[in-house]
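Report on one structure; see the data block that follows.
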Amino acid sequence: MAQITQQQNTLSFSGNLLITNISETLTHLQTLKLESPLTLDFTKVVAVDTVAVSLILEIQRQLNHQHTEPGAMSVIGVPENLRSLMQLYGVDGFLLN
């Protein structure tokens with residue numbers, strides 16, 4: 001199971017971001033107020049699959065939707081397996097600043 005902790009403009013993820021538990025994570029995400037500039041911290045994530053990339057893109061979509069201008073977002077503490085998935089899907093260039 002994944003956990004999201006929000007401290008001001010930082011969302012810290014921990015646990016496993018997997019297809020088997022993403023519904024709970026998305027439900028929790030819906031309750032959060034996303035403010036720009038937003039930082040996503042994956043330092044405490046243990047396991048990921050492709051759904052983690054989709055989650056990041058969904059957060060960017062929600063951030064943009066909640067504000068009149070596109071929101072700034074940075075991603076830190078990216079585990080190597082998530083970095084590889086981002087490269088595979090060709091989104092590493094704009095997700096990893």
Side-chain angles (χ1 to χ4, degrees):
M1 181 172 170
Q3 299 284 328
I4 305 174
T5 304
Q6 183 173 26
Q7 291 183 334
Q8 297 179 344
N9 290 12
T10 299
L11 299 182
S12 299
F13 296 84
S14 61
N16 301 322
L17 288 172
L18 304 171
I19 190 75
T20 55
N21 63 11
I22 197 63
S23 295
E24 298 163 0
T25 304
L26 288 172
T27 299
H28 185 193
L29 182 65
Q30 299 295 324
T31 65
L32 302 175
K33 175 76 173 155
L34 305 179
E35 294 292 337
S36 181
L38 181 66
T39 299
L40 306 181
D41 184 358
F42 290 91
T43 303
K44 295 181 181 175
V45 170
V46 176
V48 298
D49 61 17
T50 57
V51 77
V53 176
S54 298
L55 175 67
I56 295 169
L57 295 172
E58 173 60 17
I59 292 170
Q60 179 71 67
R61 187 193 68 76
Q62 287 188 22
L63 182 63
N64 292 343
H65 181 73
Q66 291 180 8
H67 302 282
T68 56
E69 296 183 17
M73 186 177 81
S74 60
V75 182
I76 63 172
V78 178
E80 189 54 38
N81 51 355
L82 180 54
R83 183 177 303 274
S84 295
L85 289 169
M86 289 177 176
Q87 291 170 342
L88 178 67
Y89 292 111
V91 295
D92 57 315
F94 64 90
L95 291 180
L96 301 175
N97 308 356

Contacts under 3.5 angstrom, residues 51-62 side chains, donor-acceptor by atom type, not counting sequence neighbours:
from : atom 1 : to  : atom 2 : distance (Å)
E58  : OE1    : R61 : NE     : 3.0
E58  : OE2    : R61 : NH2    : 2.7
E58  : OE2    : Q62 : NE2    : 2.8
Q60  : NE2    : N64 : OD1    : 3.1
Q60  : NE2    : G71 : O      : 3.1

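- Proximity of L34 to L11: side-chain heavy atoms (C-beta onward) are separated by under 4.5 Å at one or more points.
- Annotation: Q7, atom CD; neighbour count of heavy atoms from other residues, nucleotides and ligands within 6.0 Å does not exceed 12.
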Start with the C-alpha distance between V45 and L82, add both sets of side-chain angles, then the distance that settles side chain to side chain contact (heavy atoms under 4.5 Å, CB included), and finish with yes or no. CA-CA 10 Å; V45 170; L82 180 54; over 6 Å; no
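- T5 places none of its side-chain heavy atoms less than 4.5 Å from the side chain of S14.
- Exactly one of D92, V91, L96 qualifies for a side-chain contact (heavy atoms from CB on, under 4.5 Å) with F94. That residue is V91.
- Distance OG1/T27 to CG/L29: 9.0 Å, rounded to 0.5 Å.
- To the nearest 0.5 Å, atoms OG1 (T10) and CD1 (I76) are separated by 6.5 Å.
- For the residue pair S36 and L63, the shortest heavy atom distance occurs at N-CD1, 4.0 Å.
- Atom CG of L95 and atom CE of M86 lie 5.0 Å apart (nearest 0.5 Å).
- Rounding to the nearest 0.5 angstrom, the gap separating the CZ atom in F42 from the CZ atom in R83 is 11.5 Å.
- Closest of all the heavy-atom pairs between A2 and T25 is CB-OG1, 3.5 Å.
- F13 and V46 fall into different hydrophobic clusters, where Ile, Leu, Val, Met, Phe, Trp and Tyr side chains are chained together by heavy-atom contacts under 4.5 Å.
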Show the atom names and distances, to 0.1 Å, of all donor-acceptor pairs under 3.5 Å that link a side chain in residues 16-23 to residues at least two apart or in another chain.
from : atom 1 : to  : atom 2 : distance (Å)
N16  : OD1    : A47 : N      : 3.3
N21  : OD1    : L18 : N      : 3.1
N21  : ND2    : N16 : O      : 2.7

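- Counting heavy atoms from C-beta on, the side chains of K44 and Q3 never come closer than 4.5 Å.
- Taking 4.5 Å as the limit, some side-chain heavy atom of N9 sits within range of a side-chain heavy atom of P37.
- Here the CG-OG distance, from L40 to S74, works out to 7.0 Å after rounding to the nearest 0.5 Å.
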